[in-house]
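One structure is given here, and the rest of the page talks about it.
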Amino acid sequence: MEPSVDKSNYYTDTDEMINWFEKSAENAAAVQRQTLRRILELNHGVEYLKKWLGDIRLQDENAMESLYATMVPLASHADFEPYIHRIADGEKAPLLTQDPMKTLSLSSGTTEGRQKFVPFTHHSSQTTLQIFKLAAAYRSRIYSIREGGKVLEFIYSSKQYKTKGGLIVGTATTHYYASEEFKIKQQHTKSFTCSPEEVISSGDYKQSTYCHLLLGLYYCDEIEFVTSTFAYSTVQAFRSFEELWKELCHDIREGTLSSRINITKVQKVVLDIIVPNPELASRIESICEEVEREDWFSIIPKLWPNVKYVYTIMTGSMQPYLNKLRHYGGDLPLVSADYGSTESWIGVNVEPSSPPEKVTFAIIPTFSYFEFIPLHRSKSQSFNNSHKDANLLANDDFIEDEPVPLSQVKIGQDYEIVLTTFTGLYRYRLGDVVEVAGFHKKTPKLNFICRRKLILTVNIDKNTEQDLQLVVERGSRILISKSKAELVDFTSHANVSKKPGHYVIYWEIKGDVDENVLGECCREMDASFVDHGYVVSRKTNSIGPLELCIVERGTFKKILEHFIGNGAALSQFKTPRCTSNQVLLRILNVCTIKRFYSTAYG
C-alpha cells in the first residue's frame, strides 16, 4: 500500500501547489487526524506498535489522538535503535513498517557526536519533492525566475554502503540526490543545477566544491539563484573561492581542469562541458581583482548578475554565518530554506521575503503526525525542584507539561516537537525546541529556537545553543568594532574536570587582534550570560571565570574533515556549538594558540 498522503506531487502548476497547501492548512486539525489514522492503518500489526496497541485498531478519528497518546509512550532514538539494527541485519518481519525497508539514513552526528540510523523510505523522497516544489511556488510569487535557468547549488553526496542485511546506508541528502524525485524537482521548478550528478557524488567535498564553482562561473549569466542545504556550505564555498579564483579563471580561459581534480568520472564530465572562453575568463578576473580589494564584498551579484537571491537554511546553528553571507551577497535577498530533519520534513517558509532572523515555518499537516511538549524555562535549580510534586515532568533544561496535538498549541509558547512518521517512528522526541509564532490559516507557524541537547551546564546553570549564540554575538561586536578581524567560527565546552567548573569558548579568527581587545571580548561574553543559575554561580565562585581560547586558522576545517572522514556529507554538516566529544576537544586544545580568562566577576 502506497504511503502517499496527498496528490500534491502530481501538481506542476505553482498555483495548484499553493492551493493544495492552503486547503490543508485551513483544515489542519482534521488533516492531522487523517494523517495519524493513515499511518496507523498502513503499519497496523508491526512489532513496535503491537507492543503497545496489541491488535486494537484506532479508527475513531474523534478519540484517536487521545487514545494514541495514552497507549503509546513518548520515545527517543534509543527506543527504536534495537529495531533499526535488526532491520539493518536483514530481519524480514515487519518491525516498524509493513513495507520492507530498503534504505537507512545517517544523521549528521553533530548533536551527540555520533551518527544514528534513521528509517528512509520512498515517502521520504516524495515529501522532499513536495516541500521543494511548494517552497519554489511561494518564492516564485516574489522572485521571478527564468524558465530553464540554472542554479548554482553547493550540494554534496557522501559514500553509500550496505548493511549486513543488504540495506543501503547514506545521508538523507545523498539518498535524495540519487533519487528520481531530484530530477523531477528540477523539471517541475524549471531550474536546473549546473553541476552534473558525477560532481555532486564525487565523495570528495573539495573536488566537488571546485567543480561547482567552475561550472557556476562557466554558466554565470544563466544562474538564477545560489543555494545549498545549510548556510555553512555556501560560506565555505566562497571562502574557498577567495583562494581558488586565479586557478578557476585559468581553467575557463584554457578549457582545462585543475590537477586538484583527480577523480576520473569527474574529470570526464566537466571537460565534456567546458570549452576555452578567454573573454569570460578576463571578465571574471577583472571583477575578482576589484572585489578582492574590498574583501570580497558583493562578490555574488558581481559575478552572477542575474541571481535573484541566496537560498539556504539560515536558522539555529546557521545564524552565525548570516553576516558573512550578507557580505558575499551584498544587496541580494537571503531567503531561508525550509524546516526539516533527517526524520521528517516539518514546515515550509510561506513568506520568503522575511529576513532570516524573523523567518517562521508553516507546518505541513500531511507529512507526519505532530505533537508538542510545552516547555518552561526554570529560573534556578530550586525553582525546578519546587515543581517536582506537580503534574509536570522535570528535565535537565526545561520543565515539561503533557504533550498536546497541533490543534491545541498556543502562540508564544515554547515546545519540543514529537513526530509520528510514515517511516516507522512513533511519538519520537525530535529534540528541537520551537516557539509558536502564529498561524498560517489554522496550521502553526514555528520559530526554530535551538536543539535541546546542546546545552552548557556546570552547576545549576543552563544555557542553550541560542543563549550561547547571543553571548558570542555580543563578544564578536567588540571584535569587529575594535579591530579589522572577523570571527570565522566557534564552539564551546563545559569544563568540569577541575573545581570549580567553567565554560570554555573556542574562537577561530581571521585577521590580527590586540590581546586587550580579546580580553575585553572574553569579559563581555562572561557578563552577557543572563541565566539566573549562571549569574548566581559566578558571583559565589561555584563556576569559574569563562575561558576564551583562540585557535589557529583552519581548526574548524579539521573538525569538518573529522566528521566527513566518519561518513558525514558536507551538505549535512553543522559545526557543533557545544561539545563534549573528546576527539573534537583534542583538536581544539592542540590548536589553541592563546587563552584569556574573564575578569567580569572580579
Side-chain angles (χ1 to χ4, degrees), residues 12 14 132-133 135-137 139-156 177 182-200 202 208-229 233-234 237-238 240-241 244-245 247-258 261 266 268-288 290-291 296 298-312 325 328-335 337 352:
T12 55
T14 56
F132 281 10
K133 285 166 58 182
R139 293 199 308 277
S140 71
R141 287 185 160 185
I142 298 171
Y143 308 108
S144 180
I145 297 295
R146 287 179 301 177
E147 282 194 17
K150 294 192 183 295
V151 184
L152 175 50
E153 292 194 84
F154 296 106
I155 53 178
Y156 308 83
Y177 298 142
F182 182 59
K183 295 170 191 163
I184 295 168
K185 185 265 293 191
Q186 297 185 76
Q187 291 157 8
H188 282 190
T189 58
K190 298 178 176 62
S191 300
F192 299 87
T193 184
C194 62
S195 295
E197 190 272 333
E198 291 85 349
V199 170
I200 297 166
S202 81
S208 291
T209 298
Y210 187 92
C211 294
H212 285 323
L213 289 166
L214 179 63
L215 294 168
L217 291 168
Y218 188 76
Y219 292 120
C220 60
D221 292 329
E222 298 175 52
I223 302 293
E224 292 292 306
F225 63 94
V226 175
T227 185
S228 64
T229 308
S233 300
T234 303
F238 283 101
S240 298
F241 179 81
L244 297 171
W245 67 272
E247 215 169 319
L248 290 159
C249 287
H250 176 270
D251 282 346
I252 291 169
R253 177 173 283 107
E254 304 296 331
T256 54
L257 189 56
S258 166
I261 313 305
V266 177
K268 184 178 185 311
V269 75
V270 173
L271 288 170
D272 282 348
I273 294 171
I274 61 170
V275 295
N277 193 334
E279 187 183 335
L280 176 61
S282 296
R283 188 176 105 201
I284 293 167
E285 221 162 39
S286 172
I287 292 168
C288 287
E290 175 199 332
V291 178
W296 303 100
S298 248
I299 185 64
I300 297 175
K302 285 178 179 173
L303 283 178
W304 291 276
N306 295 310
V307 160
K308 311 300 188 299
Y309 54 84
V310 177
Y311 179 62
T312 184
L325 266 186
Y328 287 136
D331 293 331
L332 283 175
L334 299 184
V335 181

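Positions are given from 1, in the same order as the sequence printed here. Here the structure is a predicted model, which means the values were calculated and not measured.
Remark: Ser228 engages Thr234, Thr312 in a side chain to side chain donor-acceptor pair (under 3.5 Å) (not counting sequence neighbours). Shown here are the side chain to side chain contact (heavy atoms under 4.5 Å, CB included) partners of Ser282, two or more places apart in sequence or in another chain: Arg253. Remark: Tyr309 engages Tyr143, Phe225 in a ring pair (Phe, Tyr, Trp, His ring centres under 6.0 Å) (not counting sequence neighbours). Here Tyr218 pairs with Ile273, Ile274, Val275 under the side chain to side chain contact (heavy atoms under 4.5 Å, CB included) rule; sequence neighbours left out. Remark: Asp272 engages Lys268 in a salt bridge (charged side-chain N to carboxylate O under 4.0 Å, His left out) (not counting sequence neighbours). Partners of Glu254 by salt bridge (charged side-chain N to carboxylate O under 4.0 Å, His left out), not counting sequence neighbours: none found. Ser140 pairs by the side chain to side chain donor-acceptor pair (under 3.5 Å) definition with nothing, not counting sequence neighbours. A search for salt bridge (charged side-chain N to carboxylate O under 4.0 Å, His left out) contacts involving Glu290 returns Lys302, not counting sequence neighbours. Not a single side chain to side chain donor-acceptor pair (under 3.5 Å) links Thr227 to another residue, sequence neighbours left out. The side chain to side chain contact (heavy atoms under 4.5 Å, CB included) check on Leu280 picks up Cys220, Ile252, Asn277, Arg283, Ile284, with sequence neighbours excluded. Taking Thr256 as the reference, Asp251 meet the side chain to side chain donor-acceptor pair (under 3.5 Å) condition, with sequence neighbours excluded.
Using a distance-only test at 3.5 Å, with no hydrogens or angles considered, no donor-acceptor pair links the side chain of Lys150 to the main chain of Gly148.
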* To do: Mind running side-chain contact (heavy atoms from CB on, under 4.5 Å) on Tyr219 and Leu152 for me, showing each step along the way?
  => CA-CA 9 Å; Tyr219 292 120; Leu152 175 50; over 6 Å; no

* Leu217/Trp245 under side-chain contact (heavy atoms from CB on, under 4.5 Å): CA gap, chis, key distance, verdict -> CA-CA 10 Å; Leu217 291 168; Trp245 67 272; over 6 Å; no

* Could you check Ile223 against Leu303 for side-chain contact (heavy atoms from CB on, under 4.5 Å), going step by step and ending with a plain yes or no? => CA-CA 10 Å; Ile223 302 293; Leu303 283 178; over 6 Å; no

